Amino acid sequence: MDEPTYPTKSRFPLLLPIIIVAMSGILFYRNGEKWLRNILVYLSQAAWARQIISNWSIAWLVASRFVAGEDRQAAVDVGQALNENGMMLTLDYLGESCTSEAEASTARDEIMRILEDINRHQLKANVSIKPSQLGLKIDPALAQENIGAIVQKAKQYGNFIRIDMEDHPTTDATLAIYRHLRHNIGLDNVGVVIQSYLYRSEKDVEKLIEEGASMRLCKGAYAEPAEVAFPKKIDVDGNYLNLSRMTLSRNALANGVYPAFATHDPRMIDEIKIYTKTNNIPSDKFEFQMLYGIRRDLQESLVKEGYRVRIYVPYGTAWYPYFVRRLAERPANLWFFISNFFRA
Ligand SMILES: Cc1cc2nc3c(=O)[nH]c(=O)nc-3n(C[C@H](O)[C@H](O)[C@H](O)COP(=O)(O)OP(=O)(O)OC[C@H]3O[C@@H](n4cnc5c(N)ncnc54)[C@H](O)[C@@H]3O)c2cc1C
């Protein structure tokens, strides 16, 4: 697949702290992966680090492996290439917690425009949105109004909106907005996300199955305390498989549940493949989802095997936190980052 071209950034000299953090992280890598992850999660939220790294050309070079580009045209180009390779996509206009009503409206308007572009270019694409980007942390009613307008607009185009799930203090409000739109307003083109690291998710899935929801299942990307989330990966993985089987149960499918398995974990994917084959579940009753730029080999092989695959494609200028979270998920990617630095 051809890579789109990306805008160039100016180089920034004050990199020493980042390199020191990254290098020391790598020195500790064997025993200290968790430590390194925590540093990266911290850096993803730190304004000073964003300021330095966002203006650094090499950071953009590495980030562009995970981000389609800075504008809608770049997103459309990537979308067309993915469609040609047999993959669907979900577009994400990058941006997280907004701090004003005006910022939330700007994000809403951009998302409306991407819906128009998807329609104009007849892309096999839907859109993922983040409630905090649309005002959730300012006022849940504001987020509900903005998300409602987006879902209505998508409905006019016969398209679908996935409401991403963020950190646990927003889970109830996010599910409430979803339920309001789905059940009070009667919009059927909206779905939610469940995170297998949360203890509460099994109960949430039970209820969403009764309601016949479209659910994306992921492990969860935020640093959550042990009071609300499984601290051990083995439990997160076990719960992922448990929840995936629940969403594929006869009762769930009969109720209209459409599960989307968002993971790059070959073990989760293999187990789901075995479960669906053993239970004669047709491959059009669910889909696999992966992030743009991660495990392209796996994405392609699933398509070849006849599975539905949807790629989550982020675009926009606010790529920094998204990019650093991807490094946190797999600190080995830091090698790529640092080797590019020394090569440039
Ligand atoms: C389409 C999609 C949508 C998502 N939406 C949300 C959401 O709304 N809310 C939320 O909290 N989280 C979301 N996530 C993130 C998700 O919760 C995980 O943080 C992320 O997917 C890592 O978990 P994993 O299951 O892919 O693999 P992990 O359990 O982290 O790792 C298992 C294996 O997967 C592979 N792998 C994983 N990450 C990488 C990587 N970066 N580079 C290379 N290989 C890798 C490796 O082989 C690794 O050994 C989403 C993920 C996807 C794919």
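All values below come from the heavy atoms of this structure, side chains included, with hydrogens, waters and symmetry mates left out. Both counts, for ligands and for their atoms, begin at 1 and track the order of listing. A quick note: this is a predicted structure, and the numbers were derived from the prediction, not measured. All residue numbers in this chain count up from 1 along the given sequence.
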**Message:** Under 3.5 Å, is there a donor on one side chain and an acceptor on the other for Thr99 and Glu103?
**Reply:** yes
**Prompt:** Under the side chain to side chain contact (heavy atoms under 4.5 Å, CB included) test, which residues partner Arg245, sequence neighbours left out?
**Reply:** Leu241, Glu271, Tyr275
**Prompt:** Honestly, is Arg162 close enough over Phe160, meaning NZ or CZ under 6.0 Å from the six-membered ring centre and within 45° of the axis?
**Reply:** no
**Derivation of the ring pair (Phe, Tyr, Trp, His ring centres under 6.0 Å) call for Phe286 and Phe288** = CA-CA 7 Å; Phe286 62 95; Phe288 289 110; 5.8 Å; yes
When the side chains of residues 221-233 are checked against the rest of the protein, which donor-acceptor pairs come out under 3.5 Å, sequence neighbours left out?
{"from": "Glu224", "atom 1": "OE1", "to": "His168", "atom 2": "ND1", "distance (Å)": "2.6"}
{"from": "Glu224", "atom 1": "OE2", "to": "His168", "atom 2": "N", "distance (Å)": "2.7"}
{"from": "Lys233", "atom 1": "NZ", "to": "Asp237", "atom 2": "OD1", "distance (Å)": "3.4"}
{"from": "Lys233", "atom 1": "NZ", "to": "Asp237", "atom 2": "OD2", "distance (Å)": "3.4"}

**Complete:** The complete set of ring-ring contact (aromatic ring centres under 6.0 Å, His included) pairs with one or both residues in residues 92-141, sequence neighbours excluded, reads Tyr93-Tyr315
**For ligand 1, the residues whose heavy atoms come within less than 4.0 Å (ordered by chain, then number)** = Asp164, Met165, Val193, Gln195, Arg216, Cys218, Lys219, Gly220, Ala221, Tyr222, Lys233, Ala262, Thr263, His264, Asp265, Gln289, Met290, Leu291, Ile294, Arg295, Tyr312, Arg326, Glu329, Arg330, Asn333
